[in-house]
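The structure appears below as structure tokens.
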Protein chains: 4
Amino acid sequence: MPKIIENLEEEIAKTSLKLFKENPYQNVSMRKIASEVGIAVGTLYNYYPNKWKLYIGVFEESWKETYQILKMNCKKNEADYLKNYIEVLYSEMKKKKSIVRELYRYIMNDLEMDEAEQKEKFKRIRFPRVVINQIYELFIMILEKEFEIKLEKDNQDLYRLFAVLQTNIPLLHQNFEEEEQNIDFLYDLLNSYFEKKILK
Amino acid sequence: MPKIIENLEEEIAKTSLKLFKENPYQNVSMRKIASEVGIAVGTLYNYYPNKWKLYIGVFEESWKETYQILKMNCKKNEADYLKNYIEVLYSEMKKKKSIVRELYRYIMNDLEMDEAEQKEKFKRIRFPRVVINQIYELFIMILEKEFEIKLEKDNQDLYRLFAVLQTNIPLLHQNFEEEEQNIDFLYDLLNSYFEKKILK
Amino acid sequence: MPKIIENLEEEIAKTSLKLFKENPYQNVSMRKIASEVGIAVGTLYNYYPNKWKLYIGVFEESWKETYQILKMNCKKNEADYLKNYIEVLYSEMKKKKSIVRELYRYIMNDLEMDEAEQKEKFKRIRFPRVVINQIYELFIMILEKEFEIKLEKDNQDLYRLFAVLQTNIPLLHQNFEEEEQNIDFLYDLLNSYFEKKILK
Amino acid sequence: MPKIIENLEEEIAKTSLKLFKENPYQNVSMRKIASEVGIAVGTLYNYYPNKWKLYIGVFEESWKETYQILKMNCKKNEADYLKNYIEVLYSEMKKKKSIVRELYRYIMNDLEMDEAEQKEKFKRIRFPRVVINQIYELFIMILEKEFEIKLEKDNQDLYRLFAVLQTNIPLLHQNFEEEEQNIDFLYDLLNSYFEKKILK
DNA sequence: CATGAATGAGTGTTCATTCAT
DNA sequence: CATGAATGAACACTCATTCAT
């Protein structure tokens, strides 16, 4: 006697996000997700064709959320744009340890796949590039505000700076306890580079 | 029909290093290693007591090698110490994709393990902390030479800088094709931070 | 292509009981059971969490059955209580060669385990001690009827007598063909000891 | 450079006997035996064609020893022949827990083999039936002395009595702590049966 | 659309046995 | 005759996926 569950898709997303945040991909089984949601394993497959797609979907959703928060924060700020942007991103990222780690792997172009077929699959879904792009655009916007300058979005070194920021937040958070100093360090790193290499 | 194979230990180390470089831990099976080496599975266990120790052994060996190369290069240089250090580290790291990724995970304190027991195991073998420390000390040494200054090894921001360097080499290499510009970027990033925040 | 199989649990129990009756624990593999039942290995694990629990479950079930049969027989008898008890126990035990052997090992406190952990596991599930106790109580009851005497359950020599009975049924059955004479021998053995040592 | 070891055969026998006494067959590996003896695994196979034959050989040797001890004790006694025989057998058997357990299996005609081929092998080596027979003959001899009677060796009930004695010594020893009472019980069991059924 | 029993290829690991040295 | 590295079938167990109900 199948029960009809309201907002089941959302429920699955929420629960598996929670699990994937706390555990690496391999350690989260479909059984575990299903039992946590309170449904049958088979039901998961009505919403996602396989484990990997479920993972990706959940991941993307999570980044959308982060984007929304960043955007809101950007709007209401009047000064210290860069510092603030780093702070918010930092606080968002520390909420999703495992997902962020996965981001790194994504950046590294290695997602536990070696099969060419899977790589292909992966390319097709193009992960949350879209969202990451939006977050990048926000990054450019706040830099323009902060330094009162017009920037070229396609500048490779700005891309690099953004990648560095993303990757080093979880890195520092994991390894150095003093949160405030981590943020200061990141701010100084970006700021000094920007001043020396971009502004002049 | 047991045949004695020459340099088998080395062969195993070489082959599994290759496999671990290209694939994450979970995707490299003992069967795969054995068949790649051209031996029976059981034979692997004559050289390493289990998969994890094999992995660690191979990993550590690989870092020792990197350290030796870095050290040699440091000695023979007369100028551009930092630039040279980054170049050598970059070229070493791009050789070992997956191992480097593992370094990142190590730094992130997450090695696909959640079992307390395994964590304990891990602590006991103390991974290549020693080697990493040696590479860090080399880093401090070349900074002292480059900027003609005496540095405090335990400075938290120097630690941060080193972690950033290590993590961003594979990051940039993976995502930006122009190798030379990647190295320049890293050099500028470190250099500008150093000049602005450490020197004065 | 999963098919729903009727009475699979029962089928597994029946088949593995058969296999465990005929072969020692170590020589019955999960693969063997599965293939004999005509299912996949994984399916076994839907019913029992591991081999040991499967074994225990099947074993215990088998003893419960024996107890029921003994109890029924006890009730409907009017005379020759002891002889009858031995006969029924004998006929039950000869049905389960290997299980009975396992009882012996159980009595011997050795189940092919030396790991403290496993011993602990074993203690926790408390094997069929309960059932054995019930069979023992039946034994005392029929002795009281047979000899018209009130017995002290905790008498060590009665325990010994019961252990002897249990152990020697399979022993004699295995080694001496004449079933009737085996039963007579056991009856005489118990009877003469009882008359000489317990009654007076 | 192979070393020549004196009395190696004897050394192997002694050491594996020790191991088999303390651990069940499956838990004693050839590696373990070899390393305990201080030789290479391969060397074991110069003396015994396989693990099973090694086990059997060692087992048989052990019973020969027991026979010698029993025989010596029989000779020097003047009275209480049966009690004394039981005492010596009891003390011998408690020395070899695991071997004795194996005796039981032997009696039960089941030695961890189901392969017809292995059973055949087994038949051919005819285990220590010879030694057991000698111990049985000693048993008959002391009964004749004890009860001053001439006995028929081929009496099935005497065989049964002997089997009961052998099997119940380890059984009682394992389950009832009071050694003296165990021996008394066994003595009474045999004695009462003998008086009631054989003497008259 | 929900169920969850069934699937089976896959995992790391063991160990009796062989045989080139 | 001693060595011990090499072998590979075997083990218990896992888990993403399927599909009859």
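Quick note on labels: first sequence line is chain A, next is B, and so on, each numbered from 1.
The separation between Asn50(C) atom CG and dT14(F) atom P is 8 Å, rounded to whole Å. Rounded to whole Å, atom C1' of dA16(F) lies 17 Å from atom OH of Tyr55(A). dT17(F) atom P lies 12 Å from atom CH2 of Trp52(A), rounded to whole Å. Between the CD atom of Gln26(A) and the C1' atom of dA16(F) there is a distance of 11 Å, rounded to whole Å. For Glu9(A) and dA2(E), the CD to P distance is 10 Å, given to the nearest whole Å. Rounded to a whole Å, the NZ atom of Lys51(C) is 17 Å from the C1' atom of dT14(F). Rounding to whole angstrom units, CD1 of residue Ile33(D) and C1' of dT14(E) are separated by 16 Å. Atom OH of Tyr48(C) and atom C1' of dA5(E) are 15 Å apart (whole Å).
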DNA chain F base-pair string [pairs: Watson-Crick or G-U under 3.5 Å; |: paired with another strand]: .||||||||||||||||||||
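Distances shorter than 4.0 Å separate some side-chain N or O of Thr43(C) from OP1 or OP2 on dT7(E). Taking side-chain N and O atoms only, Tyr47(B) has a distance below 4.0 Å to OP1 or OP2 of dA6(F). Residue Asn46(D) has a polar side-chain atom (N or O) positioned under 4.0 Å from OP1 or OP2 of dA2(F).
Of the two residues near DNA chain E, Ser29(D) and Met30(B), the one whose nearest nucleotide lies more 5' is Met30(B). The residue among Leu44(C) and Val28(B) whose nearest nucleotide of DNA chain E lies closer to the 5′ end is Leu44(C).
Residues Tyr55(A) and Tyr48(A) have side chains not in contact (no heavy-atom distance under 4.5 Å, counting atoms from C-beta outward).
Of all heavy-atom pairs between Leu17(C) and Ser62(C), the closest is CD1-CB, 3.9 Å.
Ile12(B) CD1 to Ile39(B) CD1: the interatomic distance, rounded to the nearest 0.5 Å, is 4.0 Å.
Taking only distance into account, the side chain of Arg31(B) meets the base of dG12(E) through a donor-acceptor pair shorter than 3.5 Å.
Residues forming a side-chain contact (heavy atoms from CB on, under 4.5 Å) with Arg31(B) (at least two apart in sequence, or on another chain): Ser29(B), Val41(B). In this structure, the side-chain contact (heavy atoms from CB on, under 4.5 Å) partners of Val28(C), at least two apart in sequence or on a different chain, are Leu19(C), Phe20(C), Asn23(C), Ile33(C). Residues forming a side-chain contact (heavy atoms from CB on, under 4.5 Å) with Glu61(C) (at least two apart in sequence, or on another chain): Lys64(C).
Among the nucleotides dC13(F), dA6(E), dT13(E), the one closest to any side-chain atom of Tyr45(B) is dT13(E). Minimum atom distance to the side chain of Val41(B) is reached by dA9(F), of the listed dA9(F), dT17(E), dT7(F).
Residue pairs meeting the salt bridge (charged side-chain N to carboxylate O under 4.0 Å, His left out) criterion with at least one partner in residues 34-45 of chain C, sequence neighbours excluded, are Lys18(C)-Glu36(C), Lys32(C)-Glu36(C).
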